[in-house]
Undergrad: 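The structure that follows is given in the form of structure tokens.
Nothing here was measured: the structure is a model prediction, and the numbers come from that model. Below, chains carry the letters A, B, ... as their sequence lines are ordered, and counting in each starts from 1.
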Amino acid sequence: MLPLDLYDTASRDVRLDEGALVLGGMARSIDRALLDALTVVERDAPFRHLLTPGGGLMSVAMTNCGAVGWVSDRSGYRYDPVDPESGKRWPAMPAVFTDLAARAANAAGFREFAPDVCLINRYEPGARLSLHQDRDEHDLGHPIVSVSLGLPAIFLWGGQQRVDRPRRVPLTHGDVVVWGGPARMTFHGVRALAEGHHPLTGSIRYNLTFRRALPRG
DNA sequence: TAGTCTCA
DNA sequence: ACGC
């Protein structure tokens with residue numbers, strides 16, 4: 001793995017807000033390793049469409065790896081150490097995932113980020129995620145690291161209140177977004193994925209979302 | 001309010 | 001807006 005200081009932030013990084021940064025193309029050099037690891041996770045914990053508390057079916061298909069996994073059903077959102085679909089623990093987080101998340105957080109100024117969950121979202125054309133906050137984690141002091149792979153998407157970067165008009169941020173293969181501190185509770189989402197083809201993923205966009213959900217110890 | 005549906 |  002590359003030393004922290006070898007990552008060249010001069011490329012096309014964008015600061016969205018204080019505590020929120022797009023690291024342009026940071027994951028690109030290890031894209032195949034990430035996708036290979038994803039294939040291994042997917043074998044034990046297949047993608048599935050979750051139900052929201054409101055009763056709607058999410059258009060994005062999800063799976064997890066790590067000590068816990070983010071799940072949603074009619075009773076609400078939660079982090080569960082067990083995959084409800086299989087009754088078994090989620091697959092372990094691949095080292096290439098953990099390393100990238102820590103490097104990205106570091107590059108954005110958040111030291112010693114040790115994620116215990118990676119929520120993996122699979123977008124097919126038309127799939128979207130409406131504006132929401134990540135608020136199910138025990139300690140909101142830890143940042144969020146979000147990695148884009150495959151087809152491009154429009155990321156919606158809102159404000160601290162739902163009514164704040166979101167900015168449209170184009171994200172492409174290999175981009176990494178990190179937010180924390182004052183930006184930790186920012187409303188965000190993803191616009192409906194456009195049709196397209198990517199050499200490594202075909203008609204799919206994957207998003208890896210790293211979080212620390214559980215208290216330390 | 002991690003959903004859909006309607007109306008200007 | 002709606003209603004879960």
Undergrad: Measure the distance from CG on A:L51 to C1' on B:dT4 and round it to the nearest whole Å.
TA: 13 Å
Undergrad: When you measure from the centre of the six-membered ring of A:Y206, is the NZ or CZ of A:R122 under 6.0 Å away and within 45° of the axis?
TA: no
Undergrad: Anything under 30° is parallel, anything over 60° is perpendicular, the rest tilted; go ahead and classify A:H142 against A:F113.
TA: tilted
Undergrad: Whether the side chain of A:T63 engages the backbone of A:A45 through a donor-acceptor N/O pair (distance < 3.5 Å, no angle test) should be reported.
TA: yes
Undergrad: Within the side chain of A:H49, is there an N or O that forms a donor-acceptor pair under 3.5 Å with the backbone of A:M58?
TA: yes
Undergrad: So A:D136, base contact, sugar-phosphate only, or nothing? Heavy-atom distance under 4.0 Å.
TA: base
Undergrad: Is it true that A:D83 and A:R48 make a salt bridge, defined as a side-chain N closer than 4.0 Å to a carboxylate O?
TA: yes
Undergrad: Under 4.0 Å between any heavy atoms, over every strand shown, what does A:T52 touch: base, sugar-phosphate, or nothing? Just pick one.
TA: sugar-phosphate
Undergrad: So what does A:L50 touch, heavy atoms closer than 4.0 Å: a base, only the sugar-phosphate, or nothing?
TA: nothing
Undergrad: Sequence neighbours excluded, which residues qualify as salt bridge (charged side-chain N to carboxylate O under 4.0 Å, His left out) partners of A:E85?
TA: none
Undergrad: Treat a base pair as Watson-Crick or G-U wobble with both distances under 3.5 Å, then lay out DNA chain B in dot-bracket form, 5' to 3', with | for cross-strand pairs.
TA: ..||....
Undergrad: Output the rounded distance in Å from CG (A:L131) to P (B:dT4).
TA: 14 Å
